[in-house]
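Every heavy atom of this structure was used, including side-chain atoms; hydrogens, water molecules and symmetry mates were not.
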Protein chains: 2
Amino acid sequence: MPVEDRKKSRVTLLDVAQRAGVSRATASLVVRKSPLVGAQTRARVEEAMAALGYVYNMGAARLRAERSNAVGVVVPNLTNPFFAELLSGIEAVIDRAGMVVLLVNSGDTVERQDVLMRRLREHGVDGIILCAAAGTQAGIVQQLLDWDLPVVQTLRHISPELDYAGADYAAGMRQAVDHLADLGHTAISFAVHGPVHSAYDERIKGFDEAMRARGLKSDDVIRVPDQTAQIPHAAKALFEASRPTAIICFNDVIAVGLNAGLSDLGLKVGEDVSLVGFDDVTEADITRPRLTSISTEPVTIGEDSARLLLDRIREPQLPPRWIIKPTQLHVRQSSAAAALSLGIHKAG
Amino acid sequence: MPVEDRKKSRVTLLDVAQRAGVSRATASLVVRKSPLVGAQTRARVEEAMAALGYVYNMGAARLRAERSNAVGVVVPNLTNPFFAELLSGIEAVIDRAGMVVLLVNSGDTVERQDVLMRRLREHGVDGIILCAAAGTQAGIVQQLLDWDLPVVQTLRHISPELDYAGADYAAGMRQAVDHLADLGHTAISFAVHGPVHSAYDERIKGFDEAMRARGLKSDDVIRVPDQTAQIPHAAKALFEASRPTAIICFNDVIAVGLNAGLSDLGLKVGEDVSLVGFDDVTEADITRPRLTSISTEPVTIGEDSARLLLDRIREPQLPPRWIIKPTQLHVRQSSAAAALSLGIHKAG
DNA sequence: GGACCCTATTAGATCGATCTAAATCGCAGC
DNA sequence: GCTGCGATTTAGATCGATCTAATAGGGTCC
C-alpha cells in the first residue's frame, strides 16, 4: 500500500461499525465502555477494532463532547530542578487519569504567559495548572472566570478564589530561623534571588517574623545573581556589607552556589559559617558538606495540584480549596553551633 | 450572564462572520492569515473577532485540516536535570513555531512507552520526539512507519531510518580518556549506571577504544546505584576491586555523587584521585572541587530535535538526517596529574 | 461591446466522533 | 393477541472549523 493511500484508508468508527455489523452509534458506545451494549455485540466490535487497527480520534470526539482529556501546565522555567520535580508529580497523576499534559514555559514574564494561556485555551484543554509568572495581576482571575476554565494555582498564588497547592513557606522559614537561633546564631542573613511573587513574599515574611520573635534584626536580606553559575562569586560581596555567622538561602540552588563560593574564600561551611537551604532537592544530600535544608516536596505539590485540577474539572462548582503542605527541617552538616562560627572574620 | 449560559454563547466563526457581514469561509481565511482577503474586509472581520471575544477552536480545525499544531515528547525520566534541559530546548523551538508540547514520561519502560505513544497518536499530534526507553525493539520503527507519523529520535537511537539528534558520545569518551592519559593516568575506571541503550553502548565503546588506543586495560567498568542519593555510598566498594587513580563517570550525576563519596573517605578529588564527569550540566561548575566534564549541551540537542521534527512535518519524504553534535572537554579542578594521585591507597 | 483575466468572496460538503430521541427486540402478564 | 417494560440499538442532527469549486466584481484589451 503506497504511503499516500494510508491517510485515505484511515479507519473510522463507521468502518468498524460496518465490519461488526452494527451502527456507528453502537460502536461509539463500545469505545466509551458504556454498560449499555450487550456482551457479544461488544466483543464483535472490539474484534473489528483490533482487526482494522482502529485509532480513536480525540479531536473529533472533543468537538462534539466538550472534553479534550488534556490539561495545560504553565511553568516559569524548566532548568531549575525544582520545577522539573514539580512537573514530574503533575505528569504522574494526570497520566494515571488517562489524560495528557500540555506543557508551556512562560519564562516568568506575564506577556508570554498571556499568549500561552490563550494558546492552551485554543487547544481546548480541560483545565490549567498555573505557576504564575512574577508580576501577574490579580485581574487575570476575572478573565479566567470569564473563560470558564478550571485553573489551579501552584507554588505561587494570586487569588483566594482559585484552588492552590503549595508549601507553607513562612513556617519553613521559621523552622530555619529557629534552628539557627537555637544553635546560638544572632547575625543571620537571608540570601535571595529571582522574581518577586507570593512564595517570595511569604519567605521574606516568615524570615522577618521569626527573627523578630527571637529578638533579632531581620534587615539583612541580600540579593544574589539569578544565573546559577554566578552565585558562587556573590559570596564575597555578601560579606562586605554585613558579617553573618549564618545564612539562610531562598532555595537550594543558592545554597549550593554559596557553599561553593564560601569554600573558595577559604571558609569552612558547617564550621566557620552555617548555611541552610530551602526545598531539599536531591542535590542537598550529595553536596559536601551535606546541606541542612527545609523540604517542600515539589513532587508531592505537583501531585496535589493535579488532583485538585481533576476534582475541579469533575465538579466545577466546588468552593476553592487550598492544600498547603507543612515543611520539614533536615539537619545535616552545613549548620553548626554559633560558638564555632568565628572564622568568618577571616573573610575580610 | 449566568455561568451555564457561557458555553452556549460560545463565539464561533459563524458569529464573527455574521457580525462582519461576510461569509464563514471568508472569516476562516482571515484567521488563517490568507493573503486572499481584501484589506478592509480583513479589518472588519478582525474587529468583529475582538468585539465578540472569539476563540479559535483548534479541535474543530484539526478535524478538517490534518494538523493539530501539537507535538508529542516522550522522555524516560523528568527528575534528571539533563532531561529537563533537553525539554527546555525542545519547548523553546516548538513554542516559537506557534505549536505546543504534549509531554509524557515513559519511566524508561517499553510497556508504558507503548501506551503513551498510542495515546499521543489518539490526540492527533503532528509528530513525536522520542527518547526511547531502554530495551525498545527496532521493530517499533515499522509500526511508526505504518502509523505514518513523523518521529525524531533524540539522545538514544534505535533505527537508522529515523531522524536523530544527539551528541558524539564515543568521541566524548575519547576526550576524557585522552585527557587523563595525558595527565599520566593508567588505572582508569569507568563508573556507569542506569539502563542500557545506544548512548550507553556508545560511551562504553568509546571508553574501550580510547583505552586500547592508549595501550591501557579497559576492563574496569563499575556499576553504581541508579538512585542519586545512594551513589556516594558506592565510592568505597568501587575501590575494593580495583585501585584507580582516575574515574570517568557516565554522567555528572554520578560524578557529583562520587565526588561526595570520595571526600567522605577522606580522599581529595583533584589531588588523590581524578574525576571526570559527562554532560557538563550547570552543577558541574558549582560543585567543589569544580568538576572536569565533557559537555553534551542538552539544550542544544533539544533544539536540534525540535527543528528536525518541524522539518520532517513540513516535508515527510526527506531522507533521514542525523545531527550529531561534537562534545567538548572542560578542564576544571577535579582532574590532575597522576603523579599527585597516590593518596588513593589511603582508602584501603 | 464582448471576451478574458485576475482578485475577492462564498455556498455547501466534509472531517469523525457524540448526542438525542426514537425504534426494535424479547418476554412477562393479562 | 395485545400492552407494557427493560434492555439494546440506531438514524440523523450536530460540534466548528476547512476545503473545493463555483461565482461575483471589476478592469483591460482588442
J.: Taking 4.0 Å as the cut-off, does a side-chain nitrogen or oxygen of Thr12(B) come that near to OP1 or OP2 on dA17(D)?
T.: yes
J.: For Lys33(B) and dT18(D), what is the distance between atoms NZ and P respectively, to the nearest whole Å?
T.: 12 Å
J.: When all nucleic acid strands are considered with a 4.0 Å heavy-atom cut-off, which category describes Val45(A): base, sugar-phosphate, or nothing?
T.: nothing
J.: Quickly work out the Arg64(A) CZ to dG16(D) C1' distance and round it to whole Å.
T.: 11 Å
J.: Using whole Å, what does the distance between atom C1' of nucleotide dC15(C) and atom CG of Asn57(B) come to?
T.: 13 Å
J.: Treating Ser198(B) as the side-chain partner and His157(B) as the backbone partner, does any N or O pair qualify as donor plus acceptor under 3.5 Å?
T.: yes
J.: Would you give a per-nucleotide map of nucleotides 5-12 of chain D, 5' to 3', where B means the base has a protein non-hydrogen atom under 4.0 Å away, S means only the sugar-phosphate does, and - means neither?
T.: ---SSBBB
J.: Tell me: NE2 of His123(A) to P of dA17(D), nearest whole Å?
T.: 14 Å
J.: Please report the closest heavy-atom contact between Pro195(B) and Asp108(B), naming both atoms and the distance.
T.: CG-OD2, 3.1 Å
J.: Looking at Arg119(B) and Asp95(A), is any side-chain nitrogen of the basic one under 4.0 Å from a carboxylate oxygen of the acidic one?
T.: yes
J.: Provide the closest heavy-atom pair for Pro76(A) versus Phe83(A) in the form atom of the first, atom of the second, distance.
T.: CG-CZ, 3.6 Å
J.: May I have the distance from Arg67(B) (atom CZ) to dA17(D) (atom C1'), rounded to whole angstrom?
T.: 16 Å
J.: Looking at the side chain of Tyr56(A), which of dG16(C), dT14(C), dT18(C) is the nearest nucleotide?
T.: dT18(C)
J.: Respond yes when some side-chain nitrogen or oxygen of Arg32(B) is under 4.0 Å from OP1 or OP2 of dT18(D), and no when none is.
T.: yes
J.: Whole Å only: how far is the CG atom of Leu14(A) from the P atom of dG16(C)?
T.: 10 Å
J.: How close or far is atom C1' of dC15(D) from atom CZ of Arg62(A), stated in whole angstroms?
T.: 12 Å
J.: Side chain to side chain contact (heavy atoms under 4.5 Å, CB included) with Asp304(A): which of Val93(A), Ile323(A), Leu309(A)?
T.: Ile323(A)
J.: Minimum heavy-atom separation for Thr154(B) to Ile301(B), with atom names?
T.: OG1-CG2, 3.6 Å
J.: Closer than 3.5 angstrom, by distance alone: can the side chain of Asp126(B) be matched with the main-chain N or O of Asn69(B) as a donor-acceptor pair?
T.: yes
J.: Output the rounded distance in Å from CG (Leu63(A)) to P (dT18(D)).
T.: 12 Å
